[in-house]
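Note that this is a predicted model, so its numbers are computed, not measured. Each chain gets a letter, A, B and so on, in the order its sequence line appears, and its residues count up from 1.
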Amino acid sequence: MKKLVTLKKDYSIKLNSRMTKDQTPKYIYLPIDEKAKIKSDFLIKKEQRITKNRISPVSGRLVGSKFCDTINEKAVKCFVILNDYKETYQKRVASLKNITEVSLEKIIIELKQQNETEISEKLKQCKKGCTIILNGMDDEPYVANEIFLSKEYSFEILETLDALREKFQASSTKVIIKCNDRDNIENFENQIGTYTEIELSILPDYYLLAEETFLIPYLNIIEPYLILKPSEIKTIFTIIQKKRHDTEVILTISGNGIENPQVIKSKIGVMVSDLLNQYIKIKKNTEVIYWINGLMKGKEMDITNLIVTKKMQSILIMKKEYVEELECIRCGKCITICPVGCNPKKAYDTKNKKYILNCIHCGLCSYICPSKKDFQKILSGEKNEEEVY
Amino acid sequence: MKKKYIKFLFNSEYSYQNILFIAFIPFLLYGFYKNGILPYLNQNISILEMFRPILFPSIGIGIGLMIPFFLKKKSNKKNINLALYGEIIGMIIPIESNIILTTIIFFLFFLLISFKNIKKISPLLLGCILFLIPTIFGKISFENKSEIAAQTIYSVSDLFFGRNIGGTCNTNIFFSLLALLFLSMDYYYKKEIAFSILGSYLIATICFEFLFPTTDLLRSILNSTSIFASIFIATEMEYTPYMEKGKIMYGISIGILTSIINRVLPFLGIYIAIFLTSFLTNFFDNFAIQLEKNDNFCRMKENKKKN
Ligand code: SF4
Ligand code: SF4
């Protein structure tokens, strides 16, 4: 494995210490599944399943449809739900039960039924006697979703983790956080005494260490393992113990273009522009650009019609500055830094993708290049095909 | 050139050239002492001539800064290069060079490279060769007036600590090695090239000396011009390989070639070696890429076997 690096950061970008909760969006936009037919003016309860994959995060009235953008698709037809602020809940899926009383098989089935296939698959594939790792680290600079989740729901997370440990008869259970996450170090150190089988590991602030591919060799784990993020554990807790649907996402909204960077708990389906208008103050006389899902791995997007989806993790609002893309100075740093041994320079020069076959789109090559070459757009195939490949 | 949005708050900045200006200060001071103060104290030169060692690099820097200014070019990395090129060339030319002629050549040369974008070969290297060509024909000597008058024979420690025949300010091997250590800490400096040149030059010189014994081995090894050029000129970023293995192959080739050419042209060998090897830069990179591909392939095969 190649040596991982610590990214340089602007420490003047400070997140508000409290998580903001956006509970009262006026409109919710949910992408319409194929063939779904729903009458207008239809009354909807909170957490009611509207179609197979869509659950309403608010109670209200269906008032029509609109074309919106998601991270992966443009102009997707969406239901528009007008919030009535009554919070009339759909009946619970089943009677309340503590997670310790629910069998592992039932947990897996229930998660699958709630469309949480990724988590249910993870649990299904894990063998008894494995190592369970709670990965509470965020890789992207200025993003702190997992950190804030761990802080806010540490009790629920530890409870669920301990229950899973028992169910899997785990050989060891670790909570992993980065050394610069002081709040959580203190938080977990105070609480972990109750859970004698869970140990706390503090890792250096290396970029990509939160990725399974790099974390497992770093921890030197050879036996079977199960890695879960605090957000996944919280989903398990919400679905299994609270018998509720997970209709919220944690979003970090930060960057050097705004005055009040913060982490927001938002409902799925909220229009990003509404969210920003309500909570975010853009710096005076500043032209900004919006990066969705991180500066390193994410992409620049137009937010006019963008809606919050489950896959959205962060919105970084950066000052728009122009720099000149210089000629390559053959320093070779883009190759040295690549954690998977690609040759982005050669791919850029020869327009041949065979030099970047293993690319994981980590963004390190663009980050390090002193000539400000933007490899990311090329690697993700966003640039004009003729121009590049 | 394309314009794009700055994405990262901290894109790496290429600061290597500024570091070089700092690294050269001790060389300039020592050059002033050896080729200026000492001959003056020995009453071989006048008080005005005492300043020749720092005059040449200053002319180089001055013209290097002046040309982009008069051509109304925006200050960019390339313009800083001219000043740096001027300083380096001013440090390697013989102390007895003609001041007016040097100024004119500097002016014409910088004018030429400002207009003509030379891609394959380093303009710095071309400049060095251009300024040193007269020395091949014995027109200008590398010795200063004191050295000519006294027919000095320097000891090995003298050679190492700077009393060495060479350019105006590049004779101190100790400072060169110290600068190499200092530069090795810089993120962008291609230290692999410098180390592989020095290593292969040392080994090749010893081997050749055994095969064809001629002069003093230590004197051949302690060639300050070759050591200075391998640290500061052969490692120039834009004109050298960027792959790890490519840099090493490039360095080894220069080291071996230098030790051969130095037997005939001891003050020019390294420049000719770099010039010749420059044509193979892309070949070394492509070869290194091929080697790495094979490495990855073998590793994949091993992993498959293990599984
Ligand atoms: S984006 Fe791809 S090519 Fe660039 S450093 Fe990351 S893995 Fe390597
Ligand atoms: S990092 Fe940028 S300047 Fe350096 S070799 Fe790669 S592309 Fe060229």
Problem - Check: B/Y187 main-chain N/O paired with A/K333 side-chain donor or acceptor under 3.5 Å - result: yes
Handout entry: Crowding at NZ, A/K124 (>12 non-hydrogen neighbours, <6.0 Å)
Key = no
Practice task
For B/Y188 and A/C331, work out which heavy atoms get closest and say how close.
Solution key: CD2-CB, 3.9 Å
Handout entry: Atom pair CG/OG1 of B/N286 and A/T350 - distance to nearest 0.5 Å
Key = 9.5 Å
Exercise for the section: Would you indicate whether B/F182, at its atom CZ, is surrounded by more than 12 heavy atoms from other residues, nucleotides or ligands within a distance under 6.0 Å? Expected result: yes
Exercise for the section: Mind checking the OG1-CZ spacing from B/T281 to A/R330? Nearest 0.5 Å is all I need. Expected result: 6.0 Å
Exercise for the section: Might you work through the side chain to side chain contact (heavy atoms under 4.5 Å, CB included) test for A/N343 and B/M243, ending with a clear yes or no? Expected result: CA-CA 10 Å; A/N343 190 333; B/M243 297 292 293; 3.7 Å; yes
Handout entry: Pairing residues for A/C362 by the side-chain contact (heavy atoms from CB on, under 4.5 Å) criterion, not counting sequence neighbours
Key = A/Y207, A/L208, A/P339, A/I360, A/L364
Exercise for the section: Check the surroundings of atom OH in A/Y279: do more than 12 heavy atoms from other residues, nucleotides or ligands lie under 6.0 Å from it? Expected result: yes
Fill in the blank from the handout: Heavy-atom nearest pair, B/M237 first then A/I329, reads CG-O, 2.9 Å
Handout entry: Exceeds 12 heavy-atom contacts within 6.0 angstrom, atom CG of B/L181
Key = yes
